[in-house]
Amino acid sequence: MNTQLIADAVRNSRGEGEATVWDRLFAFWFRRLVYTQIWEDPVADLAALRLPLGSTIVTISSGGCNALSYLTAQPAQVYAVDLNEAHLSLLKLKLAGIRAFSGYAEFWRFFGEAASPLNSELYRERLRPMLDADARAYWDKRNVIGRPRHAYFTDGFYRHGMLGRFIGLAHLLAKLARIDLSALLNGKPDAPERIEALDRLHRLFHSPLARLITGTPALLFSLGIPPQQRALLGGGAPLHQVLHERLLRLINGHPNETNYFAWQALHRSYPGPGDRCLPPYLQRGQFERMRNGAGLIIPVHANLRLFLESLPAREVDAVVLLDSQDWMAPEEIRALWNAIDRTGSDNVRVIFRTAGVESPLESPELASLRQIWCRDEERSAVGFAQDRSGIYGGFHCYGRR
């Protein structure tokens, strides 16, 4: 079921009969745990959406970080929809932890630090009994050497997942290139060691090895980049140059002492417990709100369009599409927005990111959608400016005309 849903989504990025071997490989690859942390900034999302209290939100779940973080806006409910059962199992595990743990210290140790041998016992005694059968089966499953998946939380959870392992490979390449990642993360902008690290980073990204890696579609699957999105990301420019520019925006665009995305990229961990440099759901000051609101999060394993079509009319106040439209052909995008039109309230807002700069709704093929929907330039600019992850080419906010 999981594999078929993802395969259908990847196929929708092509015309009928045009799916390539790379598309099929990505569909197989993406059924795994890809993101241990979502790479869209929920603070930027909420700044663009400006939700009134009691809103109904539909979002793609991914790792669940943002669905939980939206509880800071005091919604009525948050539907977290995903094709990938691994990501939904992660969200369900977080919900179990919010409910079962005695307080913030245990929650931080399991999901923030995520590297304590004691977490195996916490999983077995406190989390496992609260999981549904699907999530329990996912976290109990053992690899070829007999190690269960829940053991990821005993030795550095954020080093696991396909993206975590890809970042680990990038760290190895950085070490071989003698790039001081600590200087990039913590150094002052004009510090000589940081300037040298940036120079070495430039040379690595413009090396033949970087061209080889970025020129091979399968090597980018661990970044969650399907073949269709890879073309949009390049936008005609060499992919190694684009990725270098995005990484520089990530590590230079916002102060790293408050940018947890930079910490995950350069250190593969969060700096520590508390209220700074963490996603909202992991902050000490938000823990009680997470606990009180956990029942408002509804995980859904489904195609997003089909789920929206199943809801009552005028039910939803905000839809968060992440970068999913980069996977889609124009016909699928049109069908998705027609579903949003029916399900969305009069003041519904829709936000999404794009690998490239332009919104797909501004294309000639989707001109009919612009009779209903209008890009909010001011809110889109706010979202793009505040997004600390820095890895996307565009942030777009739409409302009804």
Side-chain angles (χ1 to χ4, degrees), residues 1 5-6 8-9 12-13 38 40 42 44-62 64 66-84 87-88 91 293 295-354 359-363 365-376 379-380 383 395-401:
M1 178 68 170
L5 285 172
I6 294 172
D8 290 345
N12 281 332
S13 71
I38 190 169
E40 288 86 0
D45 291 355
L46 294 176
L49 289 170
R50 302 174 197 169
L51 294 171
L53 300 181
S55 296
T56 292
I57 305 169
V58 174
T59 180
I60 294 176
S61 176
S62 189
N66 286 15
L68 287 165
S69 294
Y70 296 155
L71 292 176
T72 61
Q74 301 181 57
Q77 54 198 347
V78 180
Y79 293 103
V81 186
D82 213 293
L83 298 171
N84 187 319
H87 291 156
L88 287 175
L91 172 59
L296 304 178
I297 306 289
I298 305 168
V300 181
H301 181 224
N303 172 287
L304 179 62
R305 174 180 60 82
L306 296 179
F307 174 71
L308 288 167
E309 290 174 351
S310 75
L311 292 177
R314 299 296 184 258
E315 173 86 359
V316 175
D317 301 297
V319 181
V320 183
L321 299 174
L322 304 187
D323 60 344
S324 63
Q325 291 174 109
D326 283 356
W327 297 36
M328 299 179 188
E331 294 76 17
E332 180 67 8
I333 294 175
R334 185 179 294 107
L336 173 63
W337 282 82
N338 288 340
I340 296 172
D341 183 30
R342 187 193 67 82
T343 309
S345 65
D346 291 343
N347 296 315
V348 65
R349 296 286 173 177
V350 185
I351 60 170
F352 57 92
R353 271 84 166 176
T354 48
S359 161
L361 269 69
E362 305 306 313
S363 67
E365 299 94 327
L366 297 173
S368 61
L369 292 179
R370 297 197 295 276
Q371 298 175 13
I372 303 169
W373 302 99
C374 178
R375 187 176 187 272
D376 189 316
R379 294 191 191 210
S380 298
F395 183 109
H396 311 279
C397 179
Y398 280 77
R400 295 186 191 279
R401 289 192 177 277

What I'd like to find out is whether the side chain of Ile372 reaches to under 4.5 Å of the side chain of Arg401, using heavy atoms alone. no

Expected output: side-chain Thr56 to main-chain Asp317 donor-acceptor under 3.5 Å: no

Heavy-atom nearest pair, Phe395 first then Ala48, reads CE2-CB, 3.6 Å

Spatial distance of atom SG (Cys397) from atom CG (Asp376) [nearest 0.5 Å]: 5.0 Å

Closest approach of Leu46 and Ala73, non-hydrogen atoms and distance? CD2-CB, 4.0 Å

With Ser61 as reference, evaluate Leu91, Val78, Leu322 under the side chain to side chain contact (heavy atoms under 4.5 Å, CB included) test and give the passing residue. Leu91

Judged by atom type as modelled, is there a donor-acceptor pair below 3.5 Å linking the side chain of Asn303 to the main-chain atoms of Leu306? yes

If only atom types and distance count, is the side chain of Asp82 paired as donor or acceptor with the main-chain N or O of Ser62 below 3.5 Å? yes

Just verifying a value: how many Å separate Asp45 CG and Ile38 CD1, rounded to the nearest 0.5 Å? 8.0 Å

Any non-hydrogen side-chain atom of Leu336 less than 4.5 Å from a side-chain atom of Leu304? yes

I need the single residue from Asn66, Leu49, Leu71, Leu51 that forms a side chain to side chain contact (heavy atoms under 4.5 Å, CB included) with Ile57. Which is it? Leu51

Looking at side-chain heavy atoms only, is the closest gap between Arg314 and Asp346 below 4.5 Å? yes

To the nearest 0.5 Å, tell me how far Arg334 CZ sits from Asp341 CG. 13.5 Å

Ile333 side, atom CD1; Trp327 side, atom CH2 - distance, nearest 0.5 Å: 13.5 Å

Nearest 0.5 angstrom please: Leu369 CG to Ile340 CD1, how far? 9.5 Å

For the residue pair Leu366 and Pro330, what are the closest heavy atoms and their distance? CD2-O, 3.5 Å

Sequence neighbours excluded, the answer for salt bridge (Lys or Arg N to Asp or Glu O under 4.0 Å) partners of Glu309 is Arg305

Which atoms form the tightest heavy-atom contact between Pro299 and Leu88, and what is the distance? CB-CD2, 4.2 Å

By the definition side chain to side chain contact (heavy atoms under 4.5 Å, CB included), identify the one residue from Arg379, Arg50, Arg400 that meets it with Arg349. Arg379

No-hydrogen, no-angle side-chain donor-acceptor test under 3.5 Å, Glu332 and Trp337: no

Can the ring centres of Phe352 and Tyr398 be said to be less than 6.0 Å apart? yes

Could you check Val316 against Tyr79 for side-chain contact (heavy atoms from CB on, under 4.5 Å), going step by step and ending with a plain yes or no? CA-CA 10 Å; Val316 175; Tyr79 293 103; 5.6 Å; no

Pair Leu321, Ile351 - check side-chain contact (heavy atoms from CB on, under 4.5 Å), show working. CA-CA 6 Å; Leu321 299 174; Ile351 60 170; over 6 Å; no

Looking at Thr354 and Pro360, what are the two nearest heavy atoms and their distance? CG2-CD, 3.9 Å

I need the minimum non-hydrogen distance between Ala44 and Gly383, along with the two atoms involved. CB-O, 3.5 Å

As an exercise, state the distance from SG of Cys374 to CG of Leu361, rounded to the nearest 0.5 Å. 10.5 Å

Any donor-acceptor N or O pair under 3.5 Å, side chains Arg375, His396: yes

